[in-house]
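Any value given below was found using the heavy atoms of this structure, including those in side chains, with hydrogens, waters and symmetry copies removed.
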Number of protein chains: 2
Amino acid sequence: MSNKVRIALDAMGGDFGASVVVPGAAISLTRHPDSEFLLFGDSALIKKELEAHPALKAVSQVIHTDVAVSMHDKPSQALRRGRKVSSMWLALEAVKNGKADVAVSAGNTGALMAMARFCLRMLPGIDRPAIAAIWPTVRGDSIVLDLGASIGGDEHHLKALAVMGAATASVLFDLERPTVGLLNIGVEEIKGGEEIRAAADLIRAMAQPPFDFIGFVEADGIGKGAADVIVTEGFSGNIALKAAEGTARQIGEYLRAAMSSTLMSKIGYLFARGAFRALREKMDPNKSNGGVFLGLNGVVVKSHGGTNADGFAYAVDVGYDMVRNDLLTKINQSLHRNGAEAHGVAPAA
Amino acid sequence: MSNKVRIALDAMGGDFGASVVVPGAAISLTRHPDSEFLLFGDSALIKKELEAHPALKAVSQVIHTDVAVSMHDKPSQALRRGRKVSSMWLALEAVKNGKADVAVSAGNTGALMAMARFCLRMLPGIDRPAIAAIWPTVRGDSIVLDLGASIGGDEHHLKALAVMGAATASVLFDLERPTVGLLNIGVEEIKGGEEIRAAADLIRAMAQPPFDFIGFVEADGIGKGAADVIVTEGFSGNIALKAAEGTARQIGEYLRAAMSSTLMSKIGYLFARGAFRALREKMDPNKSNGGVFLGLNGVVVKSHGGTNADGFAYAVDVGYDMVRNDLLTKINQSLHRNGAEAHGVAPAA
């Protein structure tokens, strides 16, 4: 790693491409002046955007390609059409070749994950990738993973998620020993879920894990901040995330309707509009933008496709933090201190 | 079935027992005067409560037992200690013996499900039970199942859930052909979830199903009212429900904090308090109280343990509607018109 954090950006990803990616990078640069950027995509478009951001332009290199992965491409299509040539692939390849420390894309999740696996390969000791993201809770932020990269998985997969999630939380939240919980349902003694109980045993048996395991957490515990890291396989994780997002949107609609229902409520809204603004800011999905792909031999951050420049800047910030705090080394150390050898993986040199 | 709807109540279930069950039944009776009740539990306590509700007392029979299943009993403990003698068991047995049309309990879910399976047995053609409940959406109420009775399940299980859920929605919402969606995650072409795709094929292949199948729904579609019935296995269903409940509680806390943060916001709250009251009512969890146990050879409704009399009354209402609209017959007809024979089950006579 050079002294600067070198960030590769897929400047054609997401719903708005360079018009969000470039201003987003410019915002992040003001927070982290020790960043530099590789911008992959249509150079005419990118350079036009860069004109408005001279500070960013000074630390950026533009690499032209006119092949973009569309938001609707299936992973297999994206690989067929976009391998070696698309802005998404080239950003990942820059990480692989050591030209960048992290890749950030707002492109489509399935395509990005497929390309990232293909290009960067998995970490030794990890079979399947995961997506982790920040989940705002009443006690501060937590990390939840896997949000949908891999469906299902045995106790070893869940243990690997715990290790990777804990490393992510310690990097992003600057925690010495994050708490880790396994997502489960409350009903006892019914069949199924054996792999979750087995994972709990496996995690408890770890020698000196760099986190505190607190056992099972039900899904209503996530928003309470029951643990710094919530671990589950990708299907349930995605269901939890989408159910929470849907509920937040639903209540937002109810609230708007209630506040505009009567003259009195409209007057009330005027008085309380500062409070409503603070509430809106608190619930701003941009602030928790930036899904981290874990388990890969390289750092990749996925931004929401529909985000704005502020949101994209948060995703770039996440990438910066990962590199600055050496996420991959922490994950590797945790994995190999704790019996990855038992599964036929040589310890990292 | 007699002309009256005969409702068996576990009067010792839940956090508050008879002091919630009896007034709750009294409220439901005002809405459905053609109900009558069997009240199982400590007769001294029940009769004391009944004194305040003469109309209910006139249509109730009290059957004494002093054995109650505790909210903390594991299913196996509950069966060992409470079989044949507890208020929970006796309410279920009344349904089995044809003395009641439906049993309602606010007792613990695992124990109630275990006893219900043991006492009532499964419907022919159904291997595993499910819990369905009403989920309020921006477009009105939907039914979501399974909320945690059975973990996992193949395509035949998911198809059975679709059939039972559709019958429940048509009974509770008075719909000719409810729409049915299968809960899934959006990422394409990743491994896993084959049983969900197979279930979609199986449901599409049904001859004249009494519902319209709309395909896959993501978890943020539930609150949008994407379908009248959302089908998923019990682990994901429980995760979705708890994640939504947790998010609603979290936003409620944010909102309360925001409204009391400044003098201006407090004044605003005073003006808008009618709107806030309406909002609170809209989000009142009591209103969607009443989980229906499906797949059993009898109708059983589970109330939240911590609910109040209003909430318990809604659970009794749900039981009443199920019986009045002949849920079990509808489920049996749907199941046996649609190839349950193919799985070695004789059609209903």
Between B/A244 and chain A, with a heavy-atom cut-off of 4.5 Å, which part of the residue counts as in contact: side chain, backbone, both or neither?
both
Heavy-atom pairs under 4.5 Å with chain A, option from B/T262, B/T137, B/T232, B/L241 with the top count
B/T137
Top of B/E233, B/M259, B/K224 for chain A proximity - count of heavy-atom pairs under 4.5 angstrom:
B/M259
Relative to chain B, which segment of A/R249 carries a heavy atom at a distance below 4.5 Å: side chain, backbone, both, or neither?
side chain
May I ask you to name which of B/F271, B/F235, B/Y269 has the most heavy-atom pairs under 4.5 Å with chain A?
B/F271
Mind checking side chain to side chain donor-acceptor pair (under 3.5 Å) for A/R81 and listing every partner two or more places apart, or none if nothing turns up?
A/D73
Proximal component of B/I239, with respect to chain A [non-hydrogen, under 4.5 Å]
both
Of the listed residues (A/G237, A/G252, A/A111, A/A275), which shares the most heavy-atom pairs with chain B below a 4.5 Å separation?
A/A275
Which bit of B/E253 is near chain A, if near means a heavy-atom gap under 4.5 Å: side chain, backbone, both or neither?
side chain
Identify which part of B/I196 has an atom lying under 4.5 Å from any heavy atom of chain A, answering side chain, backbone, both or neither.
side chain
From B/L270 atom CG to A/M264 atom CE, the distance as rounded to the nearest 0.5 Å
9.0 Å
Measure distances from B/N184 to the heavy atoms of chain A and classify the residue's part below 4.5 Å as side chain, backbone, both or neither.
both
Between OG on residue A/S265 and CZ on residue B/R277, distance to nearest 0.5 Å:
12.0 Å
Side-chain (A/E245) to main-chain (B/A219) donor-acceptor, under 3.5 angstrom
no
Test side chain to side chain contact (heavy atoms under 4.5 Å, CB included) applied to B/I185 and A/I151, step by step
CA-CA 10 Å; B/I185 70 175; A/I151 295 183; 4.1 Å; yes
Looking at A/T247, A/N108, A/L183, which one has more heavy-atom pairs under 4.5 Å with chain B than the rest?
A/T247
Do the side chain of B/Q250 and the main chain of A/I222 share a donor and acceptor less than 3.5 angstrom apart?
no
Using heavy-atom distances under 4.5 Å, tell me whether A/L255 contacts chain B through its side chain, its backbone, both, or neither.
both
Would you please name every residue forming a ring pair (Phe, Tyr, Trp, His ring centres under 6.0 Å) with B/Y254, sequence neighbours left out?
none
